[in-house]
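In what follows, a structure is listed as structure tokens, so that the remarks can point back to it.
Hydrogens, waters and symmetry mates play no part in the numbers below; they use all other heavy atoms, side chains included. Just so we're on the same page: letters track the sequence lines, and every chain starts at 1. The structure presented is a predicted model; accordingly, all values stated were derived computationally and were not measured.
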2 protein chains.
Amino acid sequence: MAAPKDPRPCSIADALALVGEKYSLLVLREVCLGNGRFDQLVRNIGAPRDILATRLRRLVDARILTKRAYSERPQRFEYRPTEAGLELEPVLMTLMTWGDRHLRGDEDRPMVIEHSCGNELVPVVTCRACGDPVSHEDLTAHPQVPGWSVAGPTAA
Amino acid sequence: MAAPKDPRPCSIADALALVGEKYSLLVLREVCLGNGRFDQLVRNIGAPRDILATRLRRLVDARILTKRAYSERPQRFEYRPTEAGLELEPVLMTLMTWGDRHLRGDEDRPMVIEHSCGNELVPVVTCRACGDPVSHEDLTAHPQVPGWSVAGPTAA
DNA sequence: CCACCTGAGTTGGAAAGTCGAACCCACCCG
DNA sequence: CGGGTGGGTTCGACTTTCCAACTCAGGTGG
């Protein structure tokens with residue numbers, strides 16, 4: 001009865017099912033930057049128009065984006081992030097920081113984000129409870145679903 | 001001469017070119033959990049074996065994973081995250097938190113992460129300079145490449 | 001010795017998704 | 001009227017994915 005496809009139940013997988021397709025997160029990037037029009041998206045992302053159209057439909061269905069007219073007659077539309085969409089920005093920030101660090105010679109970063117405190121944003125993931133920056137060795141995973149244990153950190 | 005494909009230069013796009021393909025981030029998830037063997041990956045991710053094999057090659061090439069033998073005779077291998085791979089964990093954490101919040105009825109989370117401080121990990125992206133949690137309206141993007149401006153936050 | 005198992009993949013062919021260019025439609029501009 | 005713009009849709013060629021079956025090497029049990 002068990003289907004031969006029952007991967008680990010996981011919110012990462014669920015999230016990626018919505019935003020993990022090619023271009024989806026780049027759409028979100030542009031929309032968060034305020035570039036929400038179809039032709040802007042095509043140009044700035046470099047995606048085929050048809051793919052972009054299907055991605056936009058999906059993201060709107062998932063309530064990550066909304067489509068609103070910024071002009072009737074002629075009808076013209078613009079996509080914007082919802083609350084849920086904006087809450088994906090941390091994913092973009094951490095990805096960007098990783099890319100800056102590992103894929104570029106540091107100081108040819110194509111974009112710098114300024115924080116309202118006046119400094120350049122260097123995003124750090126911290127623990128809400130203790131406020132400390134989080135690193136791998138501080139984490140212990142506790143699966144909640146029977147049958148889906150983890151091996152735990154492999155001894156060095 | 002300008003190719004008809006010049007999307008915005010962007011570290012998010014560059015990072016996604018490496019880890020944005022289907023299953024890649026799930027591979028990283030499993031490997032960070034300590035489940036680094038081929039058949040574990042197949043089972044826990046639910047990916048076709050051939051696709052998984054090409055993803056693993058790619059991630060090893062990108063120095064996000066390493067492949068090491070955990071047994072000669074019989075030869076058996078295990079994939080592990082590199083430093084660079086571990087630095088992608090924040091991406092997984094923020095994705096997981098988003099998925100928990102938006103895709104589930106809060107309290108059927110399939111996995112809980114414990115921080116070494118003793119509390120459940122709730123990851124928060126903060127600004128390294130001022131320490132404050134980051135939210136969208138605190139951010140200003142400064143493109144460094146001529147010709148790639150942004151619209152800026154659209155007035156409500 | 002032989003059959004069978006496990007781990008770690010590779011192979012082949014059908015099905016699905018992507019790409020790019022061309023097309024469409026409504027509307028505005030001169 | 002002719003041309004331009006914004007926001008898509010359609011088409012066919014091409015590329016990936018998927019899944020089952022196969023391989024290969026080295027144990028394991030009888």
Side-chain angles (χ1 to χ4, degrees), chain A residues 2-7 13 16-27 30-31 33-62 65-80 151 154, chain B residues 1-8 13 16-27 30-31 33-62 65-80 151 154:
Chain A
K5 283 301 271 305
D6 56 336
L16 287 173
L18 289 183
V19 298
E21 290 166 301
K22 202 171 174 185
Y23 305 121
S24 294
L25 285 175
L26 299 182
V27 169
E30 287 302 315
V31 164
L33 290 172
N35 306 124
R37 305 182 189 176
F38 192 84
D39 275 28
Q40 283 177 325
L41 292 170
V42 168
R43 275 190 297 277
N44 295 358
I45 296 173
R49 310 171 74 80
D50 57 344
I51 303 294
L52 194 53
T54 63
R55 293 294 181 272
L56 288 167
R57 265 191 292 271
R58 211 167 152 50
L59 291 171
V60 169
D61 286 359
L65 302 183
T66 52
K67 179 182 186 176
R68 46 169 63 246
Y70 66 88
S71 142
E72 319 281 338
R73 326 213 43 71
Q75 277 221 330
R76 291 295 134 86
F77 303 102
E78 183 188 22
Y79 294 89
R80 286 151 158 273
T154 6
Chain B
M1 262 83 282
K5 282 303 268 308
D6 56 336
R8 179 196 293 283
L16 287 173
L18 289 182
V19 298
E21 291 166 300
K22 201 172 174 185
Y23 305 121
S24 294
L25 285 176
L26 300 182
V27 169
E30 287 302 317
V31 164
L33 290 172
N35 305 123
R37 307 183 187 175
F38 192 84
D39 274 28
Q40 283 178 326
L41 293 169
V42 168
R43 275 191 297 277
N44 295 359
I45 296 173
R49 310 173 74 80
D50 57 343
I51 304 294
L52 194 52
T54 62
R55 293 294 180 274
L56 287 167
R57 265 190 293 269
R58 215 169 147 46
L59 291 170
V60 169
D61 285 0
L65 303 183
T66 53
K67 178 182 186 175
R68 45 169 63 245
Y70 66 88
S71 143
E72 319 282 337
R73 330 211 41 74
Q75 277 220 331
R76 292 296 132 87
F77 302 102
E78 184 188 20
Y79 295 88
R80 285 152 158 273
T154 5

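- Ion pair A/R49/A/D39 flagged as a salt bridge, since at least one NZ, NE, NH1 or NH2 atom sits closer than 4.0 Å to an Asp/Glu carboxylate oxygen.
- Going from atom CG of A/L56 over to atom P of D/dG6 covers 16 Å, rounded to whole Å.
- Here C/dA8 presents its C1' atom at 14 Å from CD of B/E78, a figure rounded to the nearest Å.
- Listed nucleotides C/dG7, D/dC11, D/dG8 differ in distance to A/D50; the shortest reach to its side chain belongs to D/dC11.
- Classification of A/E21 and B/K22 as a salt-bridged pair fails, no side-chain N sitting under 4.0 Å from a carboxylate O.
- Distance CZ (B/R57) to P (C/dA8): 15 Å, rounded to an integer number of Å.
- Across the protein-nucleic acid pair, A/L52 atom CG and C/dC19 atom C1' stand 13 Å apart, rounded to whole Å.
- Each of D/dG7, C/dC19, D/dC18 was ranked by its minimum atom distance to the side chain of B/P48; first place goes to D/dC18.
- Residue contacts shown for B/F38 include a base, since a base heavy atom lies under 4.0 Å away.
- Dashed line: the shortest gap from a side-chain N or O of A/R55 to OP1 or OP2 of C/dT18 is under 4.0 Å.
- Classification of B/E78 and B/R76 as a salt-bridged pair fails, no side-chain N sitting under 4.0 Å from a carboxylate O.
- Contact annotation: the side chain of A/V19 approaches that of A/L59 to within less than 4.5 Å [non-hydrogen atoms, C-beta and beyond].
- For the pair B/R76 CZ and D/dA25 P, the computed distance is 12 Å after rounding to whole Å.
- Between the C1' atom of C/dG17 and the CD atom of B/E21 lies a distance of 14 Å, rounded to the nearest Å.
- Map B/R37 and A/A47 each onto its nearest nucleotide of DNA chain C; the residue landing nearer the 5' end is B/R37.
- At the phosphate of C/dG12, neither OP1 nor OP2 sits under 4.0 Å from any side-chain N or O atom of B/R49.
- Atom P of nucleotide D/dG8 and atom CZ of A/F77 are separated by 6 Å, given to the nearest angstrom.
- Taking each heavy atom of A/A69 and A/F77 in turn, the nearest pair found is CA-CD2, 3.9 Å.
- Under the 3.5 Å distance criterion, the side-chain polar atoms of B/E30 are left unmatched by any main-chain donor or acceptor of B/V27.
- Of the candidates D/dG27, C/dA8, D/dG8, the closest approach to any side-chain atom of B/D39 belongs to C/dA8.
- When side chains are defined from C-beta on, B/R58 counts as touching B/L18, because their heavy atoms get closer than 4.5 Å.
- Remark: B/Y79 is not in phosphate contact with C/dG7, judged by side-chain N or O atoms under 4.0 Å from OP1 or OP2.
- Nucleotides of DNA chain C nearest to A/T54 and B/R43 differ in position, and the one nearer the 5' end is that of B/R43.
- Within the structure, a side-chain polar atom (N or O) of A/K22 is placed less than 4.0 Å from OP1 or OP2 of C/dC19.
- Rounded to whole Å, atom P of D/dC14 lies 17 Å from atom CD1 of A/I51.
- No side-chain heavy atom of B/N44 sits less than 4.5 Å from a side-chain heavy atom of B/L33.
- For D/dT16, neither phosphate oxygen OP1 nor OP2 lies less than 4.0 angstrom from any side-chain nitrogen or oxygen of B/Y23.
- Contacts between residues 65-73 of chain B and DNA chain D, defined by a heavy-atom separation under 4.0 Å, are made by B/R73.
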